[in-house]
Protein chains: 2
Amino acid sequence: MSPTKPDLWRIPPQETLRASRAGPIAEFPADATPGFDGDRKNGTRLLADYGTRLAQLQEKLFAEGRAGGERSFLLVLQGMDTAGKGGIARHVGGTMDPQGLTVRGFGKPTDEELANDFLWRIRKALPPSGQIGIFDRSHYEDVLPVRVHNLVPEAQWRSRYAAINAFERELTASGTTVIKCALVVSKAEQKRRIARRLDRPDKHWKYDPGDIAERAHWDRYLAAYQDIFDLTDTDAAPWYLIPADRKWFSRLAVARLLVDGLTAMDLRWPAADFDIATERRRIAALEG
Amino acid sequence: MSPTKPDLWRIPPQETLRASRAGPIAEFPADATPGFDGDRKNGTRLLADYGTRLAQLQEKLFAEGRAGGERSFLLVLQGMDTAGKGGIARHVGGTMDPQGLTVRGFGKPTDEELANDFLWRIRKALPPSGQIGIFDRSHYEDVLPVRVHNLVPEAQWRSRYAAINAFERELTASGTTVIKCALVVSKAEQKRRIARRLDRPDKHWKYDPGDIAERAHWDRYLAAYQDIFDLTDTDAAPWYLIPADRKWFSRLAVARLLVDGLTAMDLRWPAADFDIATERRRIAALEG
């Protein structure tokens with residue numbers, strides 16, 4: 001039972017996109033719009049509705065945090081280069097109040113970060129109570145490029161899946177709702193997107209010649225992703241595969257998962273911790 | 001010369017609202033719309049235009065940061081309770097990409113913060129290179145409630161104005177553009193806004209009975225603000241008085257100051273640090 005009404009979703013994305021059910025990533029159709037009975041235009045309109053609801057839900061979570069509540073929300077985004085993680089942060093995160101939202105990117109670790117446990121920089125960036133956090137890349141980088149390029153011995157990266165599960169259990173037990181989305185772009189669409197960056201001088205800053213070398217490791221990345229889904233897709237911190245060849249659909253699907261995740265928190269406006277009648281009298285007595 | 005075209009501004013806000021020219025805060029008209037030849041409807045439409053431009057300028061700043069640039073932008077917001085600092089963060093900050101924006105609030109300091117210099121928590125929250133930061137309250141709290149309530153000896157808070165000027169000089173010298181806006185709400189409008197919070201259960205969380213006690217210190221706050229303007233309104237880090245009784249105008253004025261401040265940075269897309277023809281050939285050779 002999804003807490004939102006069906007909209008144009010014939011099947012809620014929780015059922016079609018959950019990693020454990022969506023099948024191996026290597027066979028996942030990146031250009032599909034599973035369960036959604038609508039086109040780009042419908043999707044864009046619905047995304048605007050979700051934006052309004054996200055803003056409302058976020059304000060309640062923020063209010064709860066101000067009133068002493070300790071819950072928060074974390075969206076983890078992973079995906080190959082050009083999959084659109086930044087676009088999700090912008091178009092889905094952008095519907096919310098920036099006061100209650102923290103977007104954090106995790107690039108190549110600094111020397112200080114490397115000198116610490118791989119979760120050290122993640123813990124420092126967790127959303128505080130009442131806040132929504134979006135991670136553009138995350139602790140999963142430590143079992144993705146780190147594994148593909150053998151940056152640490154196998155025994156070390158192998159031990160990280162269990163460490164991640166323990167960390168995420170701890171996170172959710174302390175009141176953070178966690179949703180993890182892997183944006184799946186096809187190899188052909190990635191090629192088009194990389195080429196497009198070269199065509200526009202205002203996109204050159206996004207072009208990294210190293211991205212082409214990374215493509216040579218495509219299948220090893222897919223295998224690393226598959227292990228992530230097999231080992232860390234838990235009910236407490238579920239993984240979703242998001243078809244990302246159509247940007248409008250990936251944004252819509254992630255927004256829907258966020259709306260449902262926040263709705264399931266059953267957020268309420270904090271009750272007044274003062275006497276309303278007394279305060280009315282105090283205000284009436286004010287000058288001005 | 002303002003870098004933006006006149007729009008409906010007969011006089012740019014830099015000229016009418018700069019603290020040193022806008023006259024004493026105690027006589028500043030909080031419901032005025034100085035220099036703007038338009039009404040709420042015009043202002044709201046223009047704010048949407050500014051939002052589009054802010055998003056473009058922000059992306060260039062972000063790109064510059066990614067390319068190794070060290071510049072950033074800081075908007076400091078101060079104002080009495082209900083003046084609308086949060087609304088600015090939401091409606092002006094909300095036009096930008098949350099990836100490139102950090103909104104930080106500074107409430108009552110923690111024990112750890114009190115054990116450190118008053119600028120310690122501020123330094124930790126400064127926007128990184130390529131980012132825009134919005135401070136909802138700031139280091140100026142240490143010469144506002146701290147001074148009004150004698151939380152530290154006078155000699156100590158008196159020394160802070162010079163410390164703040166030195167700090168802001170250092171900030172701007174290292175590449176951060178700083179703009180400081182004091183939202184000025186009238187005592188009558190504040191009373192209406194406080195009363196409205198009581199009328200709506202979804203606003204009770206914003207109601208703090210302590211705000212009414214603070215109103216008793218109104219004139220001492222005005223005096224503390226006036227000293228701030230007299231002592232820390234510098235060309236490097238200017239103060240603006242923003243009339244805040246009309247929310248649409250305060251948002252418009254702050255957005256205009258941001259647009260102009262970012263435009264004056266003369267942001268350019270970073271040049272490619274790779275050979276475009278070579279990369280085109282590499283891409284053409286890719287499978288997929």
Side-chain angles (χ1 to χ4, degrees), chain A residues 55 59-60 62-64 66-67 86 89-91 93-105 134 136 186-192 194-195 197-209 212 215 218 269-276 278-280 282-288, chain B residues 55 59-60 62-64 66-67 86 89-91 93-105 134 136 186-192 194-195 197-209 212 215 218 269-276 278-280 282-288:
Chain A
E59 193 181 5
K60 278 191 183 170
F62 188 77
E64 181 182 286
R66 280 292 179 87
R90 171 165 202 159
H91 292 275
T95 64
M96 296 186 252
D97 187 336
Q99 284 178 99
L101 178 71
T102 319
V103 180
R104 283 294 309 267
I134 299 181
D136 177 350
S186 67
K187 212 168 173 182
E189 177 63 18
Q190 190 195 56
K191 180 178 171 181
R192 277 190 290 275
I194 291 178
R197 286 181 179 173
L198 263 193
D199 290 337
R200 293 180 50 178
D202 63 335
K203 299 292 175 203
H204 284 169
W205 64 279
K206 291 189 176 183
Y207 184 87
D208 178 356
I212 293 187
R215 254 174 87 92
W218 191 270
W269 294 113
D273 58 356
F274 46 82
D275 183 62
I276 296 172
T278 304
E279 296 304 317
R280 282 230 170 81
R282 289 180 72 207
I283 291 173
L286 291 176
E287 59 175 316
Chain B
E59 193 182 4
K60 278 192 184 169
F62 188 77
E64 181 181 285
R66 279 294 180 85
R90 172 166 202 158
H91 293 274
T95 63
M96 294 186 252
D97 187 336
Q99 283 178 99
L101 178 70
T102 318
V103 180
R104 283 294 310 267
I134 299 181
D136 178 350
S186 67
K187 213 170 172 180
E189 177 62 17
Q190 188 194 56
K191 180 178 170 180
R192 278 190 289 275
I194 291 178
R197 287 181 178 174
L198 264 193
D199 290 338
R200 293 180 50 178
D202 63 335
K203 299 291 175 204
H204 284 170
W205 65 278
K206 290 189 178 184
Y207 184 86
D208 177 355
I212 292 186
R215 254 174 85 92
W218 191 270
W269 294 114
D273 57 358
F274 46 83
D275 182 63
I276 296 172
T278 305
E279 296 304 318
R280 281 231 170 82
R282 289 180 71 207
I283 292 173
L286 290 176
E287 60 175 315

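Chain naming here is simple, since letters A, B, ... match the order of the sequence lines and numbering starts at 1 in each.
With a threshold of 4.5 angstrom between heavy atoms, A:A284 approaches chain B through N, CA, C or O but not through any side-chain atom. Using a 4.5 Å cut-off between heavy atoms, A:D273 does not touch chain B at all. Neither the backbone nor the side chain of B:A67 comes within contact range of chain A; no heavy atoms are under 4.5 Å apart. Residue contact with chain A, scored on non-hydrogen atoms closer than 4.5 Å, involves the side chain of B:R66 exclusively. For a residue to count as touching a neighbouring chain, one of its non-hydrogen atoms must lie under 4.5 Å from one of that chain's; by this rule B:E189 does not touch chain A. In this structure, chain B has a heavy atom under 4.5 Å from the side chain of A:R215, while its backbone stays farther away. Contact of A:K206 with chain B is made through the side chain alone, with heavy-atom distances under 4.5 Å. Both the backbone and the side chain of B:P98 come within less than 4.5 Å of a heavy atom in chain A. Heavy atoms of A:E287 lying under 4.5 Å from chain B belong to its backbone as well as its side chain. Only the side chain of A:L101 has a heavy atom closer than 4.5 Å to any heavy atom of chain B. At a 4.5 Å heavy-atom cutoff, the contact between B:L286 and chain A is made by backbone and side-chain atoms alike. Both the backbone and the side chain of A:A195 come within contact range of chain B, each with at least one heavy atom under 4.5 Å from a heavy atom of that chain. Looking at A:P209, the atoms closer than 4.5 Å to chain B (heavy atoms on both sides) sit in the backbone and in the side chain alike.
Contact count versus chain B (heavy atoms, under 4.5 Å) is highest, among A:P270, A:A272, A:A63, for A:A63. Put simply, of B:K191, B:Q190, B:E64, B:M96, the one with the most heavy-atom pairs under 4.5 Å next to chain A is B:K191.
For the atom pair B:K187 NZ and B:W218 CH2, the distance stands at 7.0 Å (nearest 0.5 Å). Once rounded to the nearest 0.5 Å, the distance linking CD1 of B:I134 with CZ of B:R90 reads 13.0 Å. Distance check, rounded to the nearest 0.5 Å: CG of B:L198 to CD1 of A:I276 gives 6.5 Å.
Note: B:W269 and A:W205 have parallel aromatic rings, judged against thresholds of 30 and 60 degrees for the angle between ring planes.
By the ring pair (Phe, Tyr, Trp, His ring centres under 6.0 Å) test, A:H91 is found to be paired with no residue, residues two or more places apart in sequence or in another chain being considered.
Salt-bridge check for B:K60 with A:D202: failed, with every basic side-chain N at 4.0 Å or more from each acidic carboxylate O.
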